[in-house]
There are 2 protein chains.
Amino acid sequence: MRAIIASRNSILRLSKYKNALNRFQKLGYVRVFSDILADAVGGTSAQVRKDFSLFGIKGNKRGGYNADELLGKLNDILGKNTRQSVIIAGAGKIGMALVKYKGFENEGISIVAAFDIDPAKIRQGGDIPVFPLDELKAFVKTNDIRIGIIAVPDIAAQQVFEIMVSSGIKGVLNFAPIRLKETADVVVNNVNVELELENVIYFVNALERTGSK
Amino acid sequence: MRAIIASRNSILRLSKYKNALNRFQKLGYVRVFSDILADAVGGTSAQVRKDFSLFGIKGNKRGGYNADELLGKLNDILGKNTRQSVIIAGAGKIGMALVKYKGFENEGISIVAAFDIDPAKIRQGGDIPVFPLDELKAFVKTNDIRIGIIAVPDIAAQQVFEIMVSSGIKGVLNFAPIRLKETADVVVNNVNVELELENVIYFVNALERTGSK
DNA sequence: CGTTAAAAGTGAAAAAAATCACAAAAAAGT
DNA sequence: ACTTTTTTGTGATTTTTTTCACTTTTAACG
C-alpha cells in the first residue's frame, strides 16, 4: 500500500478522532462535522480537515462525514482491523493495573501474558497468566508477538528491553522513567507520569507568577 | 521574576535534563557536556544548548556545565525547590498504583490523600488516607492544594474535574481517556495509555509495510 | 606562556506544523 | 429550479521548532 509519511502527532490525533467518533456513534450520530470533532478532541476544524486531507479521507461538502465510513477509514489507517496481542514485562502495580484494565479489549488490543522475575508473582490461574521472565523469549517467538509493554523498575528496563528486542518484538511502550537505547527498527513510546506531573506543576507555578490577574 | 515564554515540550526537555543530571551526579560526575546530556535524553547537543540558552543557563566554554550548579538552576526553573502536595481522585487500580509509587517523593512531590465515591475503598489507616469524594473540596481548601490527579472512570472524569476546579485546584493530570472541558486558568495534562499503545502499534505496522528491508 | 583543541553560545537557515482564507460543492430552503 | 447557506478541501501563509554553522571562550598540554 501507499506509504504515508506521518508524524507521531498526526497519528495521535487520528486516534483521538477515532475515539471521539466511537462515542458519537454510540450516541446515534450518523454524520459528523470537522468542528464537532475538533471540539471533542481539542483542536481546530481546519486541523481536522487538514489531517484528513493528508490521509486522503474525503467527506461531503456541506454534508460533513458519514460516521460509519469515517470510522472505517480511520480504523483502516490505524491498523485496527486486526487484533493485536501484547505482552507485559513486570507484574507490579503498574503492570497489573494494565492487565486488569478493560479498555484495551474494545480497541482490539489483547494483553495475553505478563512476565516477572519475582517467583512470588508467578500465577497461571487468572485470566491472564504471569510467567517467569525467562520464558518471555520463547513465548514471544512461539506466539509471534510484536508489541511489548515495559513496566519494570528503571534499573531493569534496558535489560528487559534488550530481551524483548532479541525475541522479535518490534514495538515497546515503556513506563520506566529511563531513555531506552533504541535501534532504528524498533518503535518505542514512553509514558512518564513523573514528567507529566512535573510539567503540570511548572505551568501552574508559571501561571501564578505571571498571568495572575 | 522574568516571565519566560516556553513551550510544553521545552519544559518537558528541561525535566529530562534534570533527571539525567540527577543520575550523572549520583555516578560522581562533576562536569557534564551538552552532548552527554543530549544522548541521555535522546536529542542533539545543539538542542540542549539552545534550550539552556533560552532559559539563560550558562556553562563554561570548553568546560561544560558544573553538575551541581546546573541542577540547581534547572530545579529553580522547574520550581522544584518547594515541595508540592498532590491529591488523587479515584482509588482504583491506577490511583493506588500512583499512591504506592515511590518515585514521586524524590522529586519533591507528595501525594497526601486519595478520594473515592465507593465506600468500600475508604481507609484512613495506611500511609495515605482514602477519603469519600464528598470531602475533596473541603480538604483541598483547608490544605491549599493546587494539583490534582484524575484516575476515575471516563464517565466520571468531567464531573470530578469540575469539583476539583471549583475547589481551587489549578493543575490536573488526567488519566481518563476523555478530553476535559478546560478553562484558561487551569493546566491540564493528559496521560492516555491506550493512545500511546495504539500509536506504537501503528508505527510497527507502518514500519513493516514500508521499511521492510 | 603560547598553541591547540574542545565545547558553549547563538544568530541565521531550514524544516515542520498549524492556521488562514477562500474556491467549490452540495444540502436546505423558497 | 434557483438562491442561500453551510461545510469541505487545500494552496498559501504564518508561526514554531529544530538544526546548522560559525564565533568565542577557556581548559589542557607542551
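- Atom CG of B:L54 and atom C1' of C:dA8 are 15 Å apart (whole Å).
- Residue-level contact check: A:S45 touches neither bases nor backbone, having no heavy atom under 4.0 Å from any strand.
- Salt-bridge formation is detected for the pair A:R83/A:E105: a Lys NZ or Arg NE/NH1/NH2 atom is positioned less than 4.0 Å from an Asp or Glu carboxylate oxygen.
- A:K80 contributes a side-chain N or O that, together with a main-chain N or O of A:E107, makes up a donor-acceptor pair within less than 3.5 Å.
- Between A:K58 atom NZ and C:dA25 atom P the separation is 11 Å, expressed in whole Å.
- If you take CD on A:Q84 and CG on B:N205, they are separated by 5.5 Å, rounding to the nearest 0.5 Å.
- Put simply, CG on B:N9 is 16 Å from C1' on C:dA15, counting in whole angstrom units.
- Taking a 4.0 Å limit (strictly below) on heavy-atom distances, residues 64-71 of chain B reaches DNA chain C at B:G64, B:Y65.
- What separates CG of B:D35 from P of C:dG9 is a distance of 13 Å, to the nearest Å.
- Between B:R8 and A:E196 there is a salt bridge, with a side-chain nitrogen of the basic residue lying less than 4.0 Å from a carboxylate oxygen of the acidic one.
- For A:D185 and A:T183, the side-chain atoms include at least one donor-acceptor pair closer than 3.5 Å.
- For D:dA28, one of the phosphate oxygens OP1 or OP2 lies less than 4.0 angstrom from a side-chain nitrogen or oxygen of B:R31.
- If you check every strand for non-hydrogen atoms under 4.0 Å, B:S10 touches nothing.
- Residue contacts for B:I36: at a heavy-atom cut-off of 4.0 Å it reaches no nucleic acid atom on any strand shown.
- When each of A:I57 and A:K50 is assigned the nucleotide of DNA chain D with its nearest heavy atom, A:I57 is the one assigned upstream, toward the 5' end.
- Computed from coordinates, the A:R13 CZ to C:dA18 P distance equals 5 Å when rounded to whole Å.
- For D:dT10, the OP1/OP2 oxygens have a side-chain nitrogen or oxygen of A:S53 closer than 4.0 Å.
- Nearer to the 5' terminus of DNA chain C, by closest-nucleotide assignment, is the contact made by A:R8 (compared with the other of A:G63 and A:R8).
- Neither OP1 nor OP2 of C:dA7 sits under 4.0 Å from any side-chain N or O of B:S34.
- The nearest whole Å value for the distance from the CG atom in A:N60 to the P atom in D:dT8 is 10 Å.
- Rounded to an integer number of Å, the gap from A:F55 CZ to C:dA17 P is 11 Å.
- Counting only heavy atoms from C-beta on, B:F33 has its side chain closest to C:dA8 among C:dA8, D:dT8, C:dT10.
- The distance between atom CZ of A:R49 and atom P of D:dT10, rounded to the nearest whole Å, is 11 Å.
- Residue-to-nucleotide contacts include a donor-acceptor pair under 3.5 Å from the side chain of A:R62 to the base of C:dA27.
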